[in-house]
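Below you'll find the structure, written out as structure tokens, and then a few comments.
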Amino acid sequence: MYENQVEGIFNKILIGTNIFLNRDVLRHDYIPEILPHRDEQINRLAGILAPALNHSKISNIFIYGKTGTGKTAVSKFVLSALENKAREVEPLLKISYINCRLTGTNYRVLADICRSLGIEVPFTGLAVGELFNRILKFLNQQKCSLVVVLDEIDALVRKDEDNNLLYELTRINENLNSNWVGLICVSNDLHFKEFLDARILSCLSEEEVVFKPYLANELYDILLIRVKEAFHNDVIDFSSLKLCAALAAGEHGDARRALDLLRVAGELAEREGIEKVKEDHIRLAQKKIEHDRVSEALSSLPLHSKIVIVVTFLLNNFMPKEGVITGNIFEIYKELCKSIELEPLTQRRVSGLINELDLLGILNARVVSFGRFGRTKKIRLGVSPRTVLDVLSEDEVVGGLFQYIPKCLPKRR
DNA sequence: CCTCCACTGGAAACCTAGGCTC
DNA sequence: GAGCCTAGGTTTCCAGTGGAGG
């Protein structure tokens with residue numbers, strides 16, 4: 001009899017509920033067949049890449065635009081079309097797609113390129129130059145050309161200050177014979193050019209394609225197409241869709257955000273057992289996405305950062321008026337570490353952790369000067385204390401620390 | 001105008017854990 | 001197994017600093 005019950009649940013999923021027809025259509029990595037309001041960019045990109053089919057080297061391309069403006073979708077769309085065409089026409093063309101923010105370091109970018117070419121490499125241990133040589137050797141042996149897409153390249157440039165990797169990549173063609181390597185750099189950050197060496201920049205941006213944020217009516221068109229594939233008929237009405245587009249347009253025209261809103265709103269309605277997505281669902285979805293983002297960020301922090309958050313939380317409760325400074329945090333932090341028999345980090349490091357948390361928006365830290373009484377950072381929580389308590393009290397190690405009463409409460413200032 | 005606090009934040013060295021080549 | 005490479009986190013050291021109080 002249980003079998004029947006369970007089968008019922010499975011079947012429900014298989015058949016689909018009365019809301020979603022195909023949820024995947026709303027995922028970030030879904031590449032639709034039609035990309036509204038991006039004809040200009042698609043044509044530009046295709047025009048620049050076309051010479052590849054003729055064995056000619058393509059110009060390096062720089063693509064700018066904020067998150068959710070269609071950069072990734074358009075480039076993947078055009079490149080997969082290129083790849084298909086190249087297979088028909090003969091020239092050996094490989095495409096490596098690298099997300100620099102996920103990849104993180106020079107070494108791993110090269111390692112990823114290697115893997116996408118089918119060269120096995122260890123995840124650490126080799127000199128960067130060695131990886132370079134292996135790629136060169138492979139390309140020369142196979143007589144094949146390569147297009148590398150470096151998505152979110154700003155993340156990489158900030159870490160690698162001399163831009164060694166980019167410099168080497170721009171010069172790689174000097175060591176190739178008739179084949180070539182073309183670079184497509186994609187950046188979210190419009191000011192990031194300033195970090196680049198002028199020579200590298202001029203080499204990388206032989207062509208530039210700019211993606212402007214979507215306007216509310218453009219987002220609406222995008223949503224309209226997806227809605228037909230993602231939802232059953234009449235699940236979402238005109239006004240909810242308008243609201244969705246308007247909210248996302250407020251967030252610098254982010255299509256990704258608009259699709260998230262739609263998906264989460266659908267899930268909320270589904271859970272309520274209602275067969276219509278209403279405006280309230282969209283508004284709730286907005287809140288839920290924000291809450292989930294914070295929870296996710298909090299729970300995935302390293303241990304010492306979590307402790308720093310707990311300390312800030314506690315001090316915020318015990319002395320809400322005074323404002324918490326680095327010295328306070330470090331004192332209590334040491335107490336907490338002792339209470340769970342953990343070796344504390346140095347003050348320098350904790351100060352660094354506070355900066356990292358500030359960057360994530362979990363803490364707000366501001367440098368202030370108390371004149372005679374020194375210069376330090378004033379720190380407060382950047383997210384609601386409720387969320388901190390909810391998320392971190394579930395934590396095995398840190399959860400118990402919320403009961404702690406600081407021994408030496410800092411003096412008033 | 002000078003002092004001096006309580007740090008800030010840069011730089012470099014160090015450590016661990018992996019892996020290569022010879 | 002020595003001697004080299006990698007990443008990533010941390011410690012050590014220290015010059016620099018905004019501004020209240022003398």
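The sequence lines fix the lettering, A, B, ..., with proteins before strands; numbering per chain opens at 1.
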Looking only at side-chain atoms of Gln347(A), point me to the closest of dC20(B), dC7(B), dT10(C). dC7(B)
Report the residue from His252(A), Arg257(A), Glu251(A) that forms a side chain to side chain donor-acceptor pair (under 3.5 Å) with Thr67(A). His252(A)
Can you say whether the rings of Tyr333(A) and His304(A) are parallel (under 30°), tilted (30 to 60°) or perpendicular (over 60°)? tilted
So which protein N/O to nucleotides 9-12 of chain B N/O distances come out below 3.5 Å?
unit_1, atom_1, unit_2, atom_2, d
dG9(B), OP2, Asn355(A), ND2, 3.3
dG9(B), OP2, Lys377(A), NZ, 3.1
dG9(B), N7, Arg348(A), NE, 3.1
dG10(B), N7, Arg348(A), NH2, 3.0
dG10(B), O6, Arg348(A), NE, 2.8

So does Arg115(A) pair up with Asp112(A), basic N to acidic O under 4.0 Å? yes
Test item: Val74(A) and Val209(A) side chains (from C-beta on) under 4.5 Å apart, heavy atoms: no
Atom CG of Leu342(A) and atom P of dT10(C) are separated, to the nearest Å, by 11 Å
Does Thr346(A) put a side-chain nitrogen or oxygen below 4.0 Å from OP1 or OP2 of dT11(C)? yes
How would you list, by chain and number, every residue that makes a salt bridge (charged side-chain N to carboxylate O under 4.0 Å, His left out) with Lys378(A), sequence neighbours excluded? none
Walk along nucleotides 15-22 of chain C from 5' to 3' and tag each nucleotide B, S or - by protein heavy-atom contact under 4.0 Å, base first, then sugar-phosphate. -BBBBBS-
Pairwise salt bridge (Lys or Arg N to Asp or Glu O under 4.0 Å) hits with a residue in residues 352-371 of chain A, at least two apart: Arg349(A)-Glu356(A)
Holding to side chain to side chain donor-acceptor pair (under 3.5 Å), I want the full list of residues that pass it with Glu279(A), two or more places apart in sequence or in another chain. Ser239(A)
Side chain to side chain donor-acceptor pair (under 3.5 Å) partners of residues 41-52 of chain A, not counting sequence neighbours, each pair once: Arg44(A)-Glu207(A)
